[in-house]
Structures are given as structure tokens and as C-alpha cells.
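These notes concern the structure reproduced below.
Residue numbers count from 1 along this sequence.
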Amino acid sequence: MALVNHTTREINAKIVYYGPGLSGKTTNIHFIYHRISPNQRGKLISLATETDRTLFFDFLPVELGTIKNYKVRFHLYTVPGQVFYNATRKLVLKGADGVIFVADSQRTMVDANLESLANLKDNFTDMGIDLTDFPVVLQYNKRDLPDVMTLEEMNAKLNPANTPFYEAVAPNGNGVLKTFAAISKLVLQDMQKNPERHNFSAGDIVAKTEEESREAPLPRTLVPEPEPALPDAPLGESKPAMAALEKTVEKGIKVELGKPFLENGQIMLPFELLSRNAREQYQLRVAINTDAPAAKRFKVMVKGFK
């Protein structure tokens, strides 16, 4: 459950990456960690065992967005993959506000995925939490490997409740931020819908904010603090990045950029739009006219290709 610090105006939310051993939980967190500017991230703690890369947890505070002028700090954890570490799994899972279940798409990992998912449900049941009414997303990782199950097979095996799911190739980042954005959005929505589940009252936060505003009004010279950055944006661009990331998540679209090059005095940037049903190819062309005024010096065009 979330912890509220009225002094620092922070809501601390906990997201846990769950799944079988070596499914890609730690790789997800490492990718997110290295996409965040150093001044926006906390210390990454990683412990290893002989059979898995995580024994206890990877800890990563990530600032993202505000609720009623309170900053939301996400703490990302992984659990050890082996079942014999279940006591540690329970300890890490305790107080979670959202869960990402990372499944290995290889056919040989079906039983391990099912065992880990059943273990997640059992641990939640022991804590009195209904997994069907809790912020959860599935990530089908390792989609680039041979002999992986189809999405239909993965859903039939692991997703009878039609939980939101995303494909991923964690080492190169495909699907990592999309999955993180999706669970972040679900957690924020659940905080507003079920504040008691997250150990705070939205009304209490509003009252506390209004009370502090009356007691100590801010000087007129101060400007509102910008919302913290997303992994793919500098500090001042968090709102546009969040909107773009949510739009990408909702539409299921991925953009792959090619290598830019010069051709006939034009800057050419090939890119592809990938969705579940299509792959579309485009070129962004920038024509340069140094004799024109600054406002008309660049002409941008987008050309589509079959």
C-alpha cells in the first residue's frame, strides 16, 4: 500500500515485477533505470544467487506525475524466481500497489509460468487480496526467441481474465516502457478510485493541501514545480511524454526509427509504425533553404512507402 509523506508531499507507490526465474524481471528494471536521468533516480540495489540474478529485490524510486500537488514516487521491486524463495517473495510483495507479471514466451517455460502465476495468486490470497480486482498487467517477454508461443496460446494459458498484456524483448527495451506506463496508469487510477486500498484518503490529501496553503501561502515569485520526468523525457517535458506514452499504450503502436542520412541536400529519417495488424513504412524528409528567413528555412515532409 502507498505511503504518504505530508512533509515532503510525496505518495510512495510500490510496483512489483513477478514471474519465473530468468524471465526478464531484472532486465526490465535495468533498462528503465538506465533510461532515467541520474538526478531523477535512486540507487539500484541488485543481489544475485547461483541460480538467478535476483535474491531479494532491485530497488528503484522513480518520480512520475502528481496527485493533488503531491508527487508520486514509484518504487520498483523484483522477486526471486525460484519457488523455494517464497518467503522472500511474500516479503517483497507485501504492500504492493501494482504488479507486472513477466512471463517467458518460450514453449518450454509454460509450466514455470503457470507455477509462478499460481504462486502469485496464492500469496495474494494469503494477504486477503483478490488478484482479479487489483492493478496487474502481463508482459510476454522474449518474443524474439525461436519456438515461442503465439499470443493466442499465451492468453489461453495465462490470461483467462483478459488482463492487459504487452509483448516485450527486454534486453533491447521493446515493450518495457509500454508495460511500465500501463501499470503506472492503472495504479494512479486505482489510487483515485480506491484510496483506502493504498493506505490514504484522497480527501485527506486535499484537506491537508488546502490547510497548508492557508497557513503558509507561496510567494508570488515562485512558479509551480514541473512534474517529474518520464524515462524518455527531460524534466520539463513530462506531461507531453506521458500523453504520448499513454496514447501509444492505448493504440498498441510502436515506432522504430531507422538511421538518418543525407540525400540531395535533404535530411532523411526512415521510420516504421508497427501495430498488431500492420507494419507501415515512412520517411521524414527535411529540406533546407539557407537563403530563406529563419522561420521558413526548413520544410518538413512525410512520405509513405509500401
When hydrophobic residues are tied together by side-chain contacts of less than 4.5 Å, even through go-betweens, does Leu262 share a cluster with Met301? no
Candidate pair Met154 and Thr150, rule side chain to side chain contact (heavy atoms under 4.5 Å, CB included), full reasoning: CA-CA 6 Å; Met154 295 288 289; Thr150 65; over 6 Å; no
Would a single hydrophobic cluster contain both Met127 and Phe101, if residues Ile, Leu, Val, Met, Phe, Trp and Tyr are joined by side-chain heavy-atom contacts under 4.5 Å? yes
Do Tyr282 and Phe261 land in one hydrophobic cluster if side-chain heavy atoms of ILVMFWY residues count as linked below 4.5 Å? no
Could you check whether Phe134 and Phe124 have their ring centres less than 6.0 Å apart? yes
When rounded to the nearest 0.5 Å, the distance separating CG of Leu138 from CG of Asn141 is 12.5 Å
Hey, mind stepping through Tyr140 and Tyr166 against ring-ring contact (aromatic ring centres under 6.0 Å, His included) and telling me if it holds? CA-CA 6 Å; Tyr140 298 153; Tyr166 302 92; 9.3 Å; no
Just by modelled atom types, is the Met109 backbone N or O under 3.5 Å from a matching donor or acceptor in the Asn113 side chain? yes
For Asn123 and Arg89, does a side-chain donor sit closer than 3.5 Å to a side-chain acceptor? no
Testing the 3.5 Å rule here: is there a donor-acceptor pair between the side chains of Gln106 and Asp104? yes
Are any of the side-chain heavy atoms of Lys185 and Gln189 separated by less than 4.5 Å? yes
With rounding to the nearest 0.5 angstrom, report the CD to CG distance, Glu115 to Asp122. 10.5 Å
Is there side-chain contact between Glu167 and Leu151, with at least one heavy-atom pair below 4.5 Å? yes
Identify the two heavy atoms, one from Ala170 and one from Gly24, that lie closest to each other, and give their separation to 0.1 Å. CB-O, 4.3 Å
Tyr18: partners by ring-ring contact (aromatic ring centres under 6.0 Å, His included), with sequence neighbours left out: none
Following the transitive rule for hydrophobic clusters with a side-chain heavy-atom cut-off under 4.5 Å over Ile, Leu, Val, Met, Phe, Trp and Tyr, establish whether Leu114 and Phe165 coincide in one cluster. yes
Take Val16 and Thr78, measure what side chain to side chain contact (heavy atoms under 4.5 Å, CB included) needs, and give me the verdict at the end. CA-CA 6 Å; Val16 176; Thr78 70; over 6 Å; no
CZ/Phe180 to CZ/Phe74 distance, rounded to the nearest 0.5 angstrom? 6.0 Å
Working to the nearest 0.5 angstrom, can you tell me the gap between Asn172 CG and Asp144 CG? 6.5 Å
I'd like to know if the side chain of Asn155 reaches the main chain of Asn159, judged simply by a donor and an acceptor atom lying under 3.5 Å from each other, with no hydrogens or angles considered. no
Could you walk me through whether Ile15 and Val99 pass the side chain to side chain contact (heavy atoms under 4.5 Å, CB included) check? CA-CA 6 Å; Ile15 293 177; Val99 170; over 6 Å; no
Using a strict 4.0 Å threshold on nitrogen-to-oxygen distance, state whether Lys14 and Asp97 make a salt bridge. no
Looking at every non-hydrogen atom in both residues, tell me the closest pair between Met149 and Arg143 and how far apart they are. O-NH1, 2.8 Å
Heavy-atom check, side chain of Lys299 versus side chain of Val286, under 4.5 Å: no
Assess the residue pair Leu177 and Ile32 against the criterion (side chain to side chain contact (heavy atoms under 4.5 Å, CB included)); give the C-alpha distance rounded to whole Å, side-chain angles, the decisive distance to 0.1 Å, and a yes or no. CA-CA 7 Å; Leu177 295 180; Ile32 295 173; 4.2 Å; yes
So how far is it from Asn28 CG to Leu76 CG, rounded to the nearest 0.5 Å? 9.5 Å
So with a 6.0 Å cut-off around CG of Asp130, is the heavy-atom count from everything else above 12? yes
Looking at every heavy atom in both Ile183 and Pro135, which two are closest together, and how far apart are they? CD1-O, 3.5 Å
Should the ring pair Tyr77 and His75 be called parallel, tilted or perpendicular, given that the plane angle runs from 0 to 90° and is split at 30 and 60? tilted
Can you check whether Asn86 reaches Asn119 side chain to side chain, under 4.5 Å on heavy atoms? yes
Listed partners of Asp147 passing salt bridge (Lys or Arg N to Asp or Glu O under 4.0 Å), at least two apart: Arg107
What are the two closest non-hydrogen atoms of Ala13 and Met191, and how far apart are they? CB-CE, 3.3 Å
Taking atom CZ of Arg285 and atom CE of Met268, what is their separation to the nearest 0.5 Å? 4.0 Å
Is there a donor-acceptor pair under 3.5 Å between the side chain of Thr125 and the backbone N or O of Lys121? yes
Indicate, with yes or no, if Phe31 and Val169 share a hydrophobic cluster defined by side-chain heavy-atom contacts under 4.5 Å among Ile, Leu, Val, Met, Phe, Trp and Tyr. no
Given 3.5 Å as the limit, does a donor-acceptor pair link the side chain of Ser23 with the main chain of Pro20, or not? yes
4.5 Å side-chain heavy-atom contact, Leu93 and Leu120: yes
Return the minimal non-hydrogen interatomic distance between Asp126 and Lys90, and the atom names on each side. OD2-NZ, 3.2 Å
Are Gln266 and Ile288 close enough that some pair of their side-chain heavy atoms sits under 4.5 Å apart? no
